[in-house]
Amino acid sequence: MQLTPVIAIHLSAALAALAIGPVALWARRSGQARAVLHRAAGYAWVTLMLMVAITAVFIRDYRLPNIAGYTPIHLLVPITLGSLALAFWHLRHGRIRSHRLIMIVLYVSACIVTGALTLLPSRYLGQVVWGQWLGLI
């Protein structure tokens with residue numbers, strides 16, 4: 001597998017979402033509500049997560065267990081899209097606690113846990129980091 005433009009966009013959006021997510025979460029959790037910062041970082045994060053989910057559809061891996069190139073990690077695409085829609089639905093209906101919980105769970109699962117899984121030696125990014133950059137595999 002090579003670093004294609006789709007993978008580059010996917011990786012760039014994922015790394016940016018990983019960095020911006022805590023800002024959006026922190027801006028509302030701190031003592032003073034920072035609504036403008038929360039909203040700006042939140043919309044940026046959501047846009048990045050949409051980019052990550054959409055580009056993931058075009059990234060296939062035929063080496064791992066798959067169906068038509070889609071591996072189990074691709075199950076996160078509909079989960080991510082559904083979670084974002086549900087979070088905004090809760091927000092629209094004034095259910096702030098539910099909105100907050102969905103966004104926190106989505107950040108942890110889609111950014112942190114999934115990001116860690118992409119570093120497995122059998123995955124492309126894992127081969128780049130552990131093999132090419134660090135020379136460990």
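Tracing side-chain contacts under 4.5 Å through hydrophobic residues (I, L, V, M, F, W, Y), one never reaches L11 starting from V52; they form parts of separate clusters. Both Y107 and L81 are assigned to one and the same hydrophobic cluster, defined by single-linkage of ILVMFWY side chains at heavy-atom distances under 4.5 Å. Residues L25 and L50 share a single hydrophobic cluster, defined by chaining ILVMFWY side chains whose heavy atoms lie under 4.5 Å apart.
Residues T118 and I73 form a side-chain contact, since some pair of their non-hydrogen atoms from C-beta on lies under 4.5 Å apart. In this structure, the side chains of W45 and C111 come closer than 4.5 Å at one or more pairs of heavy atoms.
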Audit row: M103, V46, side chain to side chain contact (heavy atoms under 4.5 Å, CB included) steps and yes/no: CA-CA 10 Å; M103 290 305 212; V46 168; 3.8 Å; yes

What verdict does the side chain to side chain contact (heavy atoms under 4.5 Å, CB included) test give for W26 and R34, after you've listed the backbone C-alpha separation in whole Å, the side-chain angles of each residue and the deciding distance to 0.1 Å? CA-CA 9 Å; W26 168 81; R34 294 170 178 83; 3.5 Å; yes

Intermediate values then yes/no, side chain to side chain contact (heavy atoms under 4.5 Å, CB included), V129 and L119: CA-CA 7 Å; V129 171; L119 292 174; 4.0 Å; yes

CA sep, side-chain torsions, deciding dist, call: D61, N66, side chain to side chain contact (heavy atoms under 4.5 Å, CB included): CA-CA 7 Å; D61 190 345; N66 69 84; over 6 Å; no

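For the atom pair R63 CZ and R123 CZ, the distance stands at 8.5 Å (nearest 0.5 Å). Taking CD1 of I67 as the start and CZ of R60 as the end, the distance is 12.0 Å to the nearest 0.5 Å.
Formation of a donor-acceptor pair under 3.5 Å by the H38 side chain with backbone atoms of A27 is not found in this model. In this structure, H99 contributes its side chain and A87 its backbone to a donor-acceptor pair below 3.5 Å.
Taking the six-membered ring for Trp and thresholds of 30 and 60 degrees, Y43 and F88 have nearly parallel ring planes, at less than 30 degrees apart. Between Y70 and H74, the angle of the ring planes goes over 60°, which puts this pair in the perpendicular group of the 30/60° scheme.
The neighbour count for I137 CD1, taken as heavy atoms of other residues, nucleotides or ligands under 6.0 Å away, is above 12.
Contacts of L75 classified as side-chain contact (heavy atoms from CB on, under 4.5 Å), with partners at least two apart in sequence or in another chain: none.
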